[in-house]
Amino acid sequence: MKLPAADSFVYDVIVVGGGPIGTMAARYAKLNGISHVLVIEENASIGSPVECTGLLSAAALRETDMEPNPSFVFNSVKGADVYPPNGHCLKIEGKEVKAYVVSRKMFDRQLAEKAAKEGAEFQLKTQAVDLKRETVCGNEIWALGVFAGGNLKTLYTKIIIAADGVRSRTARLAGLKPCEKVLSGIQIEAVYHSNDTDFVEMFVGSAAPGFFGWAVPVNENISRIGLAVDLDAAAKQNKKNGSDDTKSAYDYLSELLQSPILSQKTAGGNTDFVVGGIPIGPMKKTYAAGLMVVGDAAGQCKPISGGGIYTGAVAAKIAADVASEAILENDFSEKKMSLYEKRWKKELGRELDIGMAAHAYRMKLEDKEMNDIFETLNDPEILSLITEHGDMDHPSVLIRKLMLSKHSLKMMKLAGTFFKTVL
Ligand SMILES: Cc1cc2nc3c(=O)[nH]c(=O)nc-3n(C[C@H](O)[C@H](O)[C@H](O)COP(=O)(O)OP(=O)(O)OC[C@H]3O[C@@H](n4cnc5c(N)ncnc54)[C@H](O)[C@@H]3O)c2cc1C
């Protein structure tokens with residue numbers, strides 16, 4: 001990489017990755033008054049390909065400043081029908097709309113449009129491939145090597161916000177260590193006769209080791225059916241069953257589709273196919289001098305549900321705040337950037353830690369124990385606590401309520417070691 005010429009243009013912020021979290025960071029950087037903000041995106045189109053179920057909590061829409069409307073919302077849901085391995089459905093009802101089923105393509109595009117309206121620049125078909133620290137007139141800046149239009153070019157910037165998703169090359173180039181785990185996700189969109197489009201269906205237990213399967217209704221005739229697995233839990237399960245082969249997420253989805261509950265509602269075939277990783281257990285360090293890592297790139301997905309939009313949006317705003325403070329103070333030091341991590345951990349750290357504890361607990365459960373848990377939860381008083389306090393983004397609120405209720409002994413018996421981490 002060549003040294004920057006004296007008259008090279010230096011951006012204030014370059015966001016690598018034009019996903020929802022990158023464009024949120026860019027928009028807030030502009031709203032905070034930063035002059036030159038550029039988003040680079042390796043694909044030719046924002047919002048495509050989609051690697052998501054598009055089930056966004058009401059809080060995720062609020063956090064991204066998106067009013068639910070038919071331009072991107074297909075359906076809204078109030079609760080879940082959860083199927084443990086024995087197939088005895090537990091209906092969990094919310095009092096109001098808990099989440100929206102969206103077109104991620106349209107959602108991502110509208111977020112990008114909002115960023116562009118605030119003055120963020122976009123360069124599509126531009127892939128970050130190299131990263132170096134350079135000194136210009138005594139100031140350290142980033143020289144970002146990009147592959148664009150068949151050419152290698154260098155872009156210069158004071159700050160990089162790495163929002164390049166689960167396989168973040170930018171974080172790797174900056175020498176940062178990856179997140180703890182990446183779950184293997186897979187999904188189809190297919191003809192599916194939903195009993196009630198107000199409810200998503202969830203399938204827990206050995207059907208999806210370490211995580212769960214889902215059928216999320218887009219409308220009464222179409223659902224997004226998928227699952228994610230923790231491949232460590234899958235390997236353990238296979239070994240226990242006397243097999244050395246590790247089944248893939250694809251194998252588990254094929255089996256789920258043939259299960260009695262799903263097979264009677266599907267017509268076969270699919271109109272969309274998604275595979276993708278869900279990063280959980282955030283990176284130990286999410287910053288370097290002049291650089292912050294946000295969203296999936298930082299492993300900020302919720303370990304209990306796999307959702308990454310709410311948490312990523314919270315982190316993106318914090319990164320934009322720290323970027324604007326750094327520009328004002330002309331301070332791009334590692335110490336300054338560490339404020340980003342301190343602040344996002346204050347907002348999200350506890351829920352993500354509890355989520356990882358829940359994940360570790362879920363990994364150990366046998367099908368019989370899973371059935372027992374759902375039998376215990378099938379109590380009108382417990383279900384009413386779930387209806388009252390269930391929150392996709394803050395599960396600790398419900399856990400605390402359960403532990404402080406008269407059912408605490410039952411809860412401790414079920415999952416004492418996990419619940420202790422919450423109190
Ligand atoms: C199967 C599945 C289902 C999911 N369902 C949900 C759900 O229902 N609800 C929810 O909240 N979350 C869900 N998630 C998680 C959610 O999709 C992510 O958390 C979210 O997309 C993260 O946004 P992001 O902007 O951080 O990363 P991404 O959306 O991955 O965006 C990163 C962008 O960076 C670009 N990029 C990558 N490398 C480079 C590079 N070197 N140079 C330039 N650009 C680059 C990519 O092309 C991409 O556009 C799901 C994930 C999976 C896999």
Side-chain angles (χ1 to χ4, degrees), residues 14-26 38-57 59-61 63-64 77 99-102 104-105 107-109 111-112 122-131 144-148 155 160-173 179 182-189 200 208 211-214 216 224-229 249 253 272-280 293-316 319 392-393:
I14 294 183
V15 178
V16 181
I21 307 311
T23 58
M24 274 290 294
L38 170 70
V39 178
I40 64 161
E41 165 56 51
E42 67 182 4
N43 288 323
S45 171
I46 297 282
S48 176
V50 171
E51 289 180 8
C52 186
T53 309
L55 185 68
L56 305 189
S57 65
L61 288 199
E63 200 60 38
T64 49
V77 296
Y100 297 90
V101 184
V102 308
R104 263 294 299 269
K105 182 173 174 175
F107 175 79
D108 286 21
R109 285 202 174 191
L111 284 183
F122 280 77
Q123 287 185 20
L124 303 184
K125 285 263 311 149
T126 301
Q127 183 185 46
V129 290
D130 196 13
L131 191 60
L144 179 69
V146 298
F147 193 67
L155 301 171
I160 286 186
I161 297 183
D164 46 348
V166 61
R167 287 167 289 275
S168 178
R169 182 186 225 171
T170 314
R172 219 175 335 120
L173 287 169
C179 69
V182 177
L183 306 176
S184 199
I186 187 163
Q187 177 183 275
I188 58 167
E189 191 169 290
V200 300
F211 208 65
F212 58 87
W214 59 83
V216 170
R224 295 173 183 160
I225 307 157
L227 52 76
V229 292
L253 181 60
D272 197 35
F273 182 67
V274 164
V275 282
I278 300 177
I280 59 167
V293 190
V294 296
D296 276 21
Q300 287 165 336
C301 279
K302 291 175 287 178
I304 295 181
S305 68
I309 302 293
Y310 171 76
T311 44
V314 170
M392 281 167 75
D393 300 305

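Start at 1 with the first residue, then count along the sequence. Ligands are counted one by one from 1 in listed order, and the atoms in each one are counted from 1 as well.
Those atoms of ligand 1 with a heavy atom of Gly276 less than 4.0 angstrom away are 53 (C). Distances below 4.0 Å separate heavy atoms of Ala163 from the following atoms of ligand 1: 32 (C), 33 (C), 34 (O). In the vicinity of Glu51, heavy-atom distances shorter than 4.0 Å reach the ligand 1 atoms 2 (C), 17 (O), 50 (C), 51 (C), 52 (C), 53 (C). Here is the list of ligand 1 atoms found below 4.0 Å of a heavy atom in Cys301: 19 (O). Close approach to Pro20 involves these atoms of ligand 1, each under 4.0 Å from a residue heavy atom: 23 (O), 25 (O), 29 (O). Below 4.0 Å from some heavy atom of Leu56 lie the following atoms of ligand 1, by number and element: 9 (N), 10 (C), 11 (O). Atoms of ligand 1 lying under 4.0 Å from any heavy atom of Gly295, numbered from 1 in the order shown and given with element: 26 (O).
Contact analysis leaves Lys302 out of contact with ligand 1, as no non-hydrogen atom separation drops below 4.0 angstrom. Look at Gly226 and you'll find every heavy atom at least 4.0 Å from all atoms of ligand 1. Thr126 counts as a contact of ligand 1, since one of its heavy atoms falls under 4.0 Å from the ligand. The shortest heavy-atom distance from Gly312 to ligand 1 is not under 4.0 Å. For the ligand labelled ligand 1, residue Gly277 lies inside the 4.0 Å heavy-atom shell. At least one heavy atom of Gly306 sits closer than 4.0 Å to an atom of ligand 1.
With a heavy-atom cut-off of 4.0 Å, Val275 does not touch ligand 1 at all. Neither the backbone nor the side chain of Ser57 has any atom closer than 4.0 Å to an atom of ligand 1 (non-hydrogen atoms only). At a heavy-atom distance under 4.0 Å, only side-chain atoms of Arg104, from C-beta outward, approach ligand 1. Contact annotation for Ile46 and ligand 1: no heavy atom of the residue comes within less than 4.0 Å of the ligand.
For Val293 against Ala298, the heavy-atom pair with the smallest separation is O-CB, 3.4 Å. The shortest non-hydrogen separation linking Arg172 to Arg167 is NH2-O, 3.4 Å. Contact detail for Ala315 and Gln300: the closest heavy-atom pair is CB-OE1, 3.4 Å. For the residue pair Thr64 and Ile309, the shortest heavy atom distance occurs at CG2-CG2, 4.1 Å. Scanning all heavy atoms of the two residues, the minimum distance from Cys301 to Gly306 falls at SG-O, 3.7 Å. Closest of all the heavy-atom pairs between Pro20 and Phe107 is CB-CE2, 4.1 Å.
In this structure a side-chain-to-backbone donor-acceptor pair under 3.5 Å is missing from Thr311 to Lys302. In terms of modelled atom types and a separation under 3.5 Å, the side chain of Ser168 and the main chain of Asp164 share no donor-acceptor contact. In this structure a side-chain-to-backbone donor-acceptor pair under 3.5 Å is present from Gln187 to Cys52. In this structure, Thr53 contributes its side chain and Leu55 its backbone to no donor-acceptor pair below 3.5 Å.
For the pair Ile40 and Leu144, the minimum side-chain heavy-atom distance is below 4.5 Å. Asp296 places none of its side-chain heavy atoms less than 4.5 Å from the side chain of Ile21. Side-chain contact check for Val229 versus Phe211: every heavy-atom pair is 4.5 Å or farther apart. By the 4.5 Å heavy-atom criterion applied to side chains, Val166 and Ile278 are not counted as neighbours. Using a 4.5 Å cut-off on side-chain heavy atoms (C-beta onward), Gln123 and Val146 make no contact.
The CG atom of Leu56 sits 7.0 Å away from atom CZ of Arg104, with the distance rounded to the nearest 0.5 Å.
With respect to atom 6 (C) of ligand 1, the closest heavy atom belonging to the protein is Cys52 SG, 3.3 Å. For atom 19 (O) of ligand 1, the closest non-hydrogen atom of the protein is Asp296 OD1, 2.7 Å. Among all protein heavy atoms, the one lying closest to atom 47 (O) of ligand 1 is Glu41 OE2, 2.7 Å. In terms of protein heavy-atom proximity, atom 38 (N) of ligand 1 is closest to Asp164 CB, 3.5 Å. Among protein heavy atoms, atom 44 (N) of ligand 1 sits closest to Glu42 N, 3.1 Å. Scanning the protein heavy atoms around atom 9 (N) of ligand 1, the nearest turns out to be Leu55 O, 3.0 Å. Looking only at protein heavy atoms, the nearest one to atom 34 (O) of ligand 1 is Gly17 CA, 3.2 Å. Ranking protein heavy atoms by distance to atom 30 (O) of ligand 1, first place goes to Gly165 CA, 3.7 Å.
Checked against Thr170 for a side chain to side chain contact (heavy atoms under 4.5 Å, CB included), the options Val16, Val129, Val15 give a single hit: Val16.
Taking distance alone, with nitrogen or oxygen atoms compared against 3.5 Å, Val16 stays at or beyond that limit from ligand 1. Polar contact check, Trp214 against ligand 1: no nitrogen or oxygen pair lies under 3.5 Å apart. Taking distance alone, with nitrogen or oxygen atoms compared against 3.5 Å, Ile21 approaches ligand 1 more closely than that limit. No N or O atom of Gln187 sits closer than 3.5 Å to an N or O atom of ligand 1. Between Asn43 and ligand 1, at least one pair of N/O atoms sits closer than 3.5 Å. For ligand 1, the polar-atom distance check against Tyr310 finds no nitrogen or oxygen pair separated by under 3.5 Å. Annotation: Gln127 places no N or O atom under 3.5 Å from an N or O atom of ligand 1; distance criterion only. In terms of polar-atom proximity, defined here as any N/O pair under 3.5 Å, Ile309 does make such a contact with ligand 1. Between Gly308 and ligand 1, at least one pair of N/O atoms sits closer than 3.5 Å.
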Kindly indicate, with the supporting measurements, whether the criterion side chain to side chain contact (heavy atoms under 4.5 Å, CB included) is fulfilled by Val77 and Val101.
CA-CA 8 Å; Val77 296; Val101 184; 4.3 Å; yes

Please step through side chain to side chain contact (heavy atoms under 4.5 Å, CB included) for the pair Phe273 and Ile186, ending with a clear verdict.
CA-CA 8 Å; Phe273 182 67; Ile186 187 163; 3.8 Å; yes

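Side chains of Arg109 and Ser48: a donor-acceptor N/O pair is absent below 3.5 angstrom, by distance only.
Of the candidates Ser45, Ala228, Ala128, it is Ala128 that places a heavy atom closest to atom 41 (N) of ligand 1.
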